[in-house]
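Written below as structure tokens is the structure these notes are about.
Given the structure is predicted, the values throughout are model-derived calculations rather than measurements. Start at 1 with the first residue, then count along the sequence.
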Amino acid sequence: CFAVSSFGFVKDNYGENQIQALAGMGLIDSRSPTAKVTRAEALIAVMVITGMDVYVDDYSPEDFPCPYTDVSADLLPFVTVAYAYRIVEDMPYDLFSENDNITLEEMLHMTLESYGLVAEKTNALDIAESHNIYKTCEADALVFDLTYATYAEILWNLLEAPSLYEDGKK
């Protein structure tokens, strides 16, 4: 079932089918394919798709405090659990910057780490390609902000990837 698009200009654009399907599942919002993705949006979607969100219920700030000073209360358990499992890296100045746009490289790294497929920044694209997570980019595109169309493509591919946990052993 596809969600009804609130964007008349989205129709027939790259990524629309995945965006609408994922929005219909409640995994992402329905947005323009050219809209940018925030670090918070990406983290929550990756954790939900990979099943890492189950650990959020067990989160206790007393047991494991968040290393970042700028995380909202709603996102705090997600960020802290992601940090504990090395899904998010050390960020400069102790700031997670949840509302900042995420780059394709950061998204791929976060995704691969959530499956235990350790990804150095230099090989994240190679690992993503070898596991059919993402195949349609040049290496120099990794530094650009992630668009909603590419975000939806990666998430859709994760839903169709049957053996990532076995490969990553996480």
Could you go step by step and tell me if L104 and T150 meet the side chain to side chain contact (heavy atoms under 4.5 Å, CB included) rule? CA-CA 8 Å; L104 175 57; T150 302; 4.0 Å; yes
May I ask you to check whether Q20 and S30 show a side-chain donor-acceptor distance below 3.5 Å? yes
What residue among T38, L108, I102 forms side chain to side chain contact (heavy atoms under 4.5 Å, CB included) with L146? I102
Is any side-chain heavy atom of Y85 closer than 4.5 Å to one of M52? yes
For I133 versus L112, what's the shortest heavy-atom pair and its separation? CD1-CD2, 3.6 Å
Examine distances only and state if a side-chain atom of T69 and a backbone atom of D94 form a donor-acceptor pair shorter than 3.5 Å. yes
What distance do Y151 atom OH and D145 atom CG have between them, rounded to the nearest 0.5 Å? 14.0 Å
Separation of L159 CG from L22 CG (nearest 0.5 Å): 6.0 Å
Between atom CZ of R31 and atom OG1 of T147, what is the distance when rounded to the nearest 0.5 Å? 12.0 Å
Verify the ring-centre separation between F78 and Y59: is it less than 6.0 angstrom? no
Rounded to the nearest 0.5 Å, what separation is found between the OG1 atom of T111 and the CE atom of M47? 12.0 Å
Using the side chain to side chain contact (heavy atoms under 4.5 Å, CB included) rule, take E98 and L76 through it: C-alpha gap first, then chi angles, then the decisive distance, then the call. CA-CA 10 Å; E98 63 190 67; L76 186 64; over 6 Å; no
Within-4.5 Å side-chain heavy-atom neighbours: V88 and L43: yes
Kindly indicate, with the supporting measurements, whether the criterion side chain to side chain contact (heavy atoms under 4.5 Å, CB included) is fulfilled by N17 and W156. CA-CA 10 Å; N17 289 341; W156 189 259; over 6 Å; no
Between T103 and E105, do the side chains contain a donor N or O and an acceptor N or O under 3.5 Å apart? no
Would you compute the distance between atom CG of D100 and atom NZ of K36 and round it to the nearest 0.5 angstrom? 14.0 Å
Heavy-atom distance under 4.5 Å between the side chains of R39 and N99, does that happen here? no
Tell me the closest heavy-atom pair linking A149 and G15, and the distance in Å. CB-CA, 4.1 Å
Indicate whether any N or O donor in one side chain lies under 3.5 Å from an N or O acceptor in the other, for E41 and Y148. yes
Between L75 and A40, which heavy-atom pair has the shortest distance, and what is it? CD2-CB, 3.6 Å
Could you tell me which non-hydrogen atom of I28 sits nearest to which non-hydrogen atom of A152, and how far apart they are? CD1-CB, 4.3 Å
Nearest 0.5 angstrom please: D63 CG to D58 CG, how far? 10.0 Å
Looking only at non-hydrogen atoms, find the nearest pair between T80 and C66 and report the distance. OG1-CB, 3.2 Å
How are the rings of F64 and Y83 set to each other: parallel, tilted or perpendicular (split at 30° and 60°)? tilted
Can L27 and L155 be said to form a side chain to side chain contact (heavy atoms under 4.5 Å, CB included), step by step? CA-CA 9 Å; L27 290 172; L155 296 177; 5.7 Å; no
